[in-house]
Amino acid sequence: METYSFMRELADSWVLLAMFGFFVAVILWAFRPGSTRTYDAIAQIPLREDSTMGAAQTTQKGASDV
């Protein structure tokens with residue numbers, strides 16, 4: 001059997017099955033019951049006010065106004 005034919009049959013059967021299994025595992029891991037609190041905290045990152053960043057921006061804005 002040629003190498004190409006063997007690799008093609010392998011990809012069409014077992015590798016496809018392995019990739020589907022990995023996809024299902026990632027979906028199940030992402031929607032596991034304990035992950036809600038973690039994902040809620042991550043979703044709030046852009047909405048949090050960072051006091052050190054605000055002070056740096058205020059300082060730069062004040063210096064450029066002079």
Side-chain angles (χ1 to χ4, degrees):
M1 184 183 296
E2 291 181 34
T3 304
Y4 175 79
S5 298
F6 173 72
M7 296 299 279
R8 175 68 189 243
E9 289 178 23
L10 184 67
D12 285 345
S13 59
W14 293 108
V15 176
L16 180 63
L17 184 63
M19 287 173 41
F20 179 72
F22 178 75
F23 176 77
V24 169
V26 168
I27 296 298
L28 291 175
W29 180 77
F31 290 106
R32 69 189 188 280
S35 65
T36 304
R37 185 175 36 186
T38 303
Y39 294 140
D40 286 340
I42 293 171
Q44 295 299 320
I45 289 174
L47 304 175
R48 280 191 244 157
E49 186 175 335
D50 189 10
S51 60
T52 58
M53 189 65 153
Q57 289 176 348
T58 304
T59 305
Q60 289 175 355
K61 183 177 179 184
S64 65
D65 289 341
V66 176

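A quick note: this is a predicted structure, and the numbers were derived from the prediction, not measured.
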Check: residues 11-30 side-chain donor-acceptor pairs under 3.5 Å, at least two apart:
unit_1, atom_1, unit_2, atom_2, d
Asp12, OD2, Arg8, NE, 3.1
Ser13, OG, Glu9, O, 2.8

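- Pairs engaging residues 35-47 under the salt bridge (charged side-chain N to carboxylate O under 4.0 Å, His left out) rule: none recorded [sequence neighbours left out].
- In this structure a side-chain-to-backbone donor-acceptor pair under 3.5 Å is missing from Ser5 to Glu2.
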